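Report on the structure given below.
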Amino acid sequence: MEYPFEVFEKKWQDVWKKERVFNAENQVEGKENYFVLSMFPYPSGVLHMGHVSNYSIGDAISRYKMMQGYNVLQPMGYDSFGMPAENFAIQHNTHPRLATENNMAIMQGQLTAMGFGFDWQRTLATSTPEYYRWGQWLFKRLYEKGLVYKKTSFVNWCDQCQTVLANEQVEDGKCWRDGSTVRQKEMEQWYFKITDYAEELLDFSKMIDWPERVITMQKNWIGRSTGTEIDFIEETTKDKIKVFTTRPDTIFGVTFMALPPEHEYIRALLKTEAANSDLADFCEKVINEDKKERGSAEQKKEGFFTGKYCINPVNGDRVQIWVTNYVLMDYGTGAVMAVPAHDQRDFEFAKKYNIALKLVIQNQDKSLVLEEMTEAYVEPGILVNSDKFNDKDSNKAKEEISAWIDENKMGKTTITYRLRDWGVSRQRYWGNPIPVIHCDKCGSVLVPDEDLPVLLPDNVQVGKTTQNPLLSVAEWVNTTCPNCGGPGRRETDTMDTFVDSSWYYARYTDSKNTEMPFSPEIAEKWLPVDQYIGGIEHACMHLIYARFFHKFMRDIGLVKGDEPFARLLTQGMVCNLGSKMSKSKGNGVDPQPYIDRYGSDAIRVFMLFASPPEKDVDWSDDGVVGAFRFLNRVYRQAENYGDLINEYYKPYSPDLDISKEMKELRFSTHTMMKKWHEDIEEKLQFNTAIAGIMEHLNNVSSIKDPENLNTNDKIIYAEANAVMFRLIYPFAPHVSEEVWSMIGQTGLVHESGLPKHNPLYLVTDEVTYVVQVNGKLRGKIDVSLETSEEEIKELALNLENVVKFLEDKEIKKIIVVKKKLVSIVVKPK
RNA sequence: GCGAAAGUGGCGGAAUUGGCAGACGCGCUGGACUUAGAAUCCAGUUGGGUUAAACCAGUAGGGGUUCAAGUCCCCUCUUUCGCACCA
């Protein structure tokens with residue numbers, strides 16, 4: 001008989017709802033708050049395996065913490081703005097709002113059927129005016145703090161999405177969402193000054209438990225390097241061209257200046273010398289190369305001499321200015337002083353275009369000869385041809401030259417980050433409108449707070465133009481300037497949806513607030529999120545953006561701490577047949593049929609048992625059956641022996657005179673409790689915690705006729721079962737509640753508290769010593785705890801199998817490790 | 001190319017941080033119960049070896065430290081992930 005999950009899963013879900021078990025109060029007398037958060041889903045349609053896995057982990061932690069007596073908040077909502085909804089609407093000739101609402105309803109039904117303990121009263125959806133209003137409000141506060149600006153520059157443009165992408169959203173030169181090629185387009189964009197926080201974002205000391213991997217990825221992404229900015233002066237125009245270098249020690253070796261075609265000097269030059277069409281063509285060609293190829297090291301270095309020169313401030317050298325395809329506009333100052341003798345890239349370029357090389361660093365044995373070099377010399381060495389710095393060690397010279405440049409106002413020592421400011425403009429409809437009105441007289445004017453939210457108009461026709469559909473809603477676009485009352489035009493760019501998800505965790509603490517994004521007092525009770533759970537793919541996107549937002553919100557007094565997420569768990573992906581489930585591979589598995597067939601608990605147990613949470617889980621039909629089988633065995637214990645357990649179970653562990661067999665069972669019960677607690681608390685390893693319960697179940701099942709036991713033994717037997725029923729709660733809450741009630745308990749499982757092992761019952765009368773001879777296992781002895789070391793040695797030496805290996809040998813040493821082993825070292829006589 | 005993590009049965013994965021390798025689950029083999037199947041229960045399941053034991057080998061490969069190594073050190077190989085013209 002299979003257990004009737006279809007009956008009681010619903011039953012317990014109703015009980016939880018009726019008793020408001022998961023509706024968290026902001027404060028509960030005598031209880032500490034604990035905030036468990038799983039990344040909210042994009043409402044793409046139906047729940048997929050990744051969601052099920054993610055939320056099974058979160059729910060296990062949440063319920064474990066409830067058993068521990070915490071006042072737990074575990075909310076859930078929807079990241080419901082975004083391009084997929086708009087694309088879906090275009091394809092199916094519907095409205096993004098309708099499609100999104102429909103999907104949210106479906107997913108909410110599925111999440112409810114899974115029985116996850118979410119506080120639905122606090123739910124939110126980023127596409128609702130109640131939520132996005134505060135996104136606009138925060139945009140304004142950012143603006144007022146000088147953290148928002150508008151700039152025209154070359155940006156990542158995805159033709160597929162018809163919009164701009166932030167640097168974080170370009171992977172290998174492809175759009176992170178659809179994988180299509182990203183090209184550079186010159187546009188005016190809104191930016192958030194995330195770089196103002198670059199230094200602080202590199203401080204990870206407030207994270208209690210973040211995976212080292214994520215921290216490393218963020219460090220690399222932010223990419224701090226110290227170096228020197230040096231001003232080169234253009235010979236005729238006297239324009240300043242700033243370069244950034246980490247090798248000021250090579251400044252005397254500069255033989256040309258390398259600029260990317262996007263560089264402002266080049267842009268200006270092209271305007272003044274329109275006649276030089278070859279230069280213009282070259283620039284155009286490089287700009288249109290796709291980002292991946294242009295950024296790859298294998299790419300052939302190409303360049304074009306502008307015919308212009310600039311002056312190296314340290315020695316007055318005339319230096320040729322080249323446009324090249326290998327310098328990145330995005331890094332440093334976007335200009336490179338090329339030192340071909342000591343930089344491999346410059347070396348290759350100079351060789352190709354017959355530009356002079358100048359040796360300024362000599363190796364230790366002074367054997368470098370410029371004419372014989374086949375690659376750049378990039379190691380440290382001794383300075384030569386460097387004026388007054390000659391004969392100095394290059395590492396020392398770095399600092400000295402940098403200081404000298406500083407003093408003589410030829411430049412300055414600086415820190416540069418790889419991190420760029422966050423471009424948040426999106427040329428799409430289904431997103432949060434940027435609360436700005438453009439006025440011919442007043443320029444860009446912020447919409448007054450009392451006029452927020454700027455409502456996204458509903459009457460748009462998506463997909464009719466290649467432009468942002470908002471542009472076609474004249475009555476929306478045309479408005480009055482809040483400043484002068486004259487005619488104004490609304491900003492039609494919407495915000496990147498990553499803005500919406502950068503502060504949602506805080507909104508959960510006070511999601512119904514109509515006066516503020518959330519009350520700082522309430523937020524303080526919950527933040528930072530104690531445990532955040534989500535995919536590793538957000539390491540350099542969402543998780544950096546949210547950290548930035550949190551620091552900004554701290555600076556305007558909305559939140560107290562420095563970090564939004566104290567602990568982070570990056571769960572693995574759910575794979576099928578060894579590779580990531582995806583639509584394009586056609587290997588996706590829909591969880592619904594399995595939920596229908598085996599119930600929520602079996603799916604959860606499978607997900608948690610298959611591997612540690614941060615590792616990928618390979619989906620397996622058989623694995624679910626195994627989990628289901630396990631839960632059936634637990635259920636059968638309650639079914640068969642419910643009355644006996646009910647009669648004899650004591651909520652404490654009485655110290656009784658019991659049989660040897662029951663001592664062993666009691667040992668098993670208490671070992672399980674200890675292991676369970678350690679596995680979850682210290683390592684979040686649900687797989688081994690579950691394995692421990694399974695092992696205990698095997699021990700319980702081996703007791704054949706519990707009815708025939710004496711009273712004391714029955715008490716131990718009852719405890720062995722009842723404790724197990726409670727310990728499955730975080731993983732299989734429905735079964736747990738059901739079997740708990742089947743043994744006559746009237747309360748809910750989490751109310752029964754955290755079963756705690758009694759260390760006394762983990763002490764056994766006998767211990768097994770392993771006996772080794774020269775490191776090889778030769779036998780075992782069981783001795784009582786009181787046995788002296790001498791006696792143990794004696795017993796070990798007399799073991800039949802040990803004696804055999806001692807023949808004709810001389811005993812050199814005997815090592816006894818308490819409660820573990822005897823190691824006998826011998827050598828031939 | 002640089003950096004990080006990892007490599008354990010047929011499979012997913014365990015191993016008090018140096019102390020019985022393979023917990024637990026899947027799968028498989030045999031048996032019980034069934035007219036039969038499903039379900040369930042029992043036994044077995046690293047390889048070699050043996051009627052059974054003993055024993056031998058064994059945690060990617062090689063070397064080392066140690067009474068004792070999956071675990072620590074050195075070298076090699078492989079895989080995964082991240083970064084990758086970052087000046």
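As the structure is a computational prediction, the values presented were derived from the model and not from experiment.
- Taking atom CG on A/L631 and atom C1' on B/rC26, their separation rounds to 15 Å, with Å as the unit.
- As judged by a 4.0 angstrom heavy-atom cut-off over every strand, A/E695 is placed among residues touching the sugar-phosphate backbone only.
- Considering only residues two or more places apart in sequence or on other chains, A/T787 meets the side chain to side chain donor-acceptor pair (under 3.5 Å) condition with A/S784.
- Distance, A/R636 CZ to B/rU40 C1': 6 Å, rounded to whole Å.
- Scored by the ring-ring contact (aromatic ring centres under 6.0 Å, His included) test, A/Y326 finds A/F349 as partners (sequence neighbours excluded).
- Listed candidates were B/rC86, B/rG25, B/rA54. Nearest to the side chain of A/R345 is B/rC86.
- The existence of a salt bridge linking A/K242 and A/E264 is excluded, since no basic side-chain nitrogen approaches an acidic carboxylate oxygen closer than 4.0 Å.
- Residue A/N220 places none of its side-chain N or O atoms closer than 4.0 Å to OP1 or OP2 of B/rA84.
- Nucleic acid contact class of A/D346 (heavy atoms, under 4.0 Å, all strands): none.
- In RNA chain B, the stems built from three or more successive Watson-Crick or G-U pairs (distances below 3.5 Å) are B:1-7 with B:77-83, B:10-12 with B:24-26, B:27-32 with B:40-45, B:46-48 with B:55-57, B:60-64 with B:72-76.
- Annotation: proximity of residues 621-629 of chain A to RNA chain B (heavy atom, distance under 4.0 Å) is found for A/D622, A/G626, A/R629, numbered in ascending order.
- Side-chain atoms of A/K704 come within 3.5 Å of backbone N or O of A/S701 as a donor-acceptor pair.
- Look at A/Q685 and you'll find a side-chain N or O under 4.0 angstrom from OP1 or OP2 of B/rA15.
- With P as the reference atom, B/rU34 and B/rG70 are 49 Å apart, rounded to whole Å.
- Checked for salt-bridge contact, A/K674 and A/E678 meet the test: a charged N lies under 4.0 Å from a carboxylate O.
- Between B/rA54, B/rC24, B/rC85, one nucleotide has an atom nearer to the side chain of A/M694 than all others, and that is B/rC24.
- Between A/W422 and A/Y545, the angle of the ring planes stays under 30°, which puts this pair in the parallel group of the 30/60° scheme.
- Nucleotides of RNA chain B nearest to A/M217 and A/Y331 differ in position, and the one nearer the 5' end is that of A/M217.
- Residue A/V327 is in base contact, counting any heavy-atom pair closer than 4.0 Å across all strands shown.
- Side-chain atoms of A/K812 and base atoms of B/rC67 include no donor and acceptor less than 3.5 Å apart.
- Proximity note for A/N687 (side chain, C-beta onward) versus B/rC86, B/rG13, B/rU40: the nearest is B/rG13.
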Tabulate atom names and distances for all N/O pairs under 3.5 angstrom spanning the protein and nucleotides 56-58 of chain B.
from	atom 1	to	atom 2	distance (Å)
B/rC56	OP1	A/R778	NH2	3.1
B/rC56	OP2	A/R778	NH1	3.1
B/rA57	OP2	A/K776	NZ	2.9

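- In this structure A/H542 satisfies the ring-ring contact (aromatic ring centres under 6.0 Å, His included) test together with A/Y532, A/H538, sequence neighbours excluded.
- A/S386 contributes no side-chain N or O that, together with a main-chain N or O of A/L383, makes up a donor-acceptor pair within less than 3.5 Å.
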Salt bridge (charged side-chain N to carboxylate O under 4.0 Å, His left out) evaluation trace for A/E789 with A/K818
CA-CA 8 Å; A/E789 205 170 301; A/K818 230 179 145 196; over 6 Å; no
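- Counting heavy atoms of neighbouring residues, nucleotides and ligands inside a 6.0 Å radius, atom NZ of A/K240 does not exceed 12 of them.
- B/rU78 and B/rA14 are spaced 23 Å apart, taking the C1' atom of each and rounding to whole Å.
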Under 3.5 Å, N/O pairs linking protein and nucleotides 1-12 of chain B:
from	atom 1	to	atom 2	distance (Å)
B/rG12	O2'	A/A610	O	2.7

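- The side-chain contact (heavy atoms from CB on, under 4.5 Å) search around A/R778 returns A/V773, A/K776, A/N801, A/V802, A/F805, not counting sequence neighbours.
- Rounded to whole Å, the distance from CD on A/E614 to C1' on B/rU80 is 15 Å.
- With sequence neighbours excluded, no residue forms a salt bridge (Lys or Arg N to Asp or Glu O under 4.0 Å) with A/K809.
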If you look only at distance, which donor and acceptor atoms sit under 3.5 Å apart when one is on a side chain in residues 606-616 of chain A and the other is two or more places apart or in another chain?
from	atom 1	to	atom 2	distance (Å)
A/S611	OG	A/D616	O	3.2
A/D616	OD1	A/M573	N	2.8

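- Between B/rA15, B/rA87, B/rC85, one nucleotide has an atom nearer to the side chain of A/V336 than all others, and that is B/rA87.
- Taking the P atoms as reference points, B/rA69 lies 15 Å from B/rC73, given to the whole Å.
- Within the 4.0 angstrom heavy-atom criterion, no nucleotide atom of any strand lies near A/R420.
- Looking at A/E695 and A/K675, no side-chain N of the basic residue comes within less than 4.0 Å of a carboxylate O on the acidic one, giving no salt bridge.
- Going from atom CZ of A/R633 over to atom P of B/rC24 covers 11 Å, rounded to whole Å.
- Atom NZ in A/K675 sits roughly 9 Å away from atom P in B/rU16 (whole-Å rounding).
- Considering only the side chain of A/V770, B/rC20 comes nearest among B/rA54, B/rC41, B/rC20.
- Within 3.5 Å, no donor on the side chain of A/K813 pairs with an acceptor on the base of B/rC67, nor the reverse.
- Neither OP1 nor OP2 of B/rA68 sits under 4.0 Å from any side-chain N or O of A/N774.
- Of all nucleotides listed (B/rA15, B/rG13, B/rG25), B/rA15 comes nearest to the side chain of A/K683.
- For A/T414, the side-chain contact (heavy atoms from CB on, under 4.5 Å) test picks out A/E229, A/F244, A/K412, A/T416, with sequence neighbours left out.
- Mapping A/N698 and A/R418 onto RNA chain B via the closest heavy atom, the residue that lands nearer the 5' end is A/N698.
- In this entry the distance linking CG of A/L328 with P of B/rA87 reads 10 Å, nearest Å.
- Taking a 4.0 Å limit (strictly below) on heavy-atom distances, residues 814-821 of chain A reaches RNA chain B at A/I815, A/V817, A/K820, A/L821.
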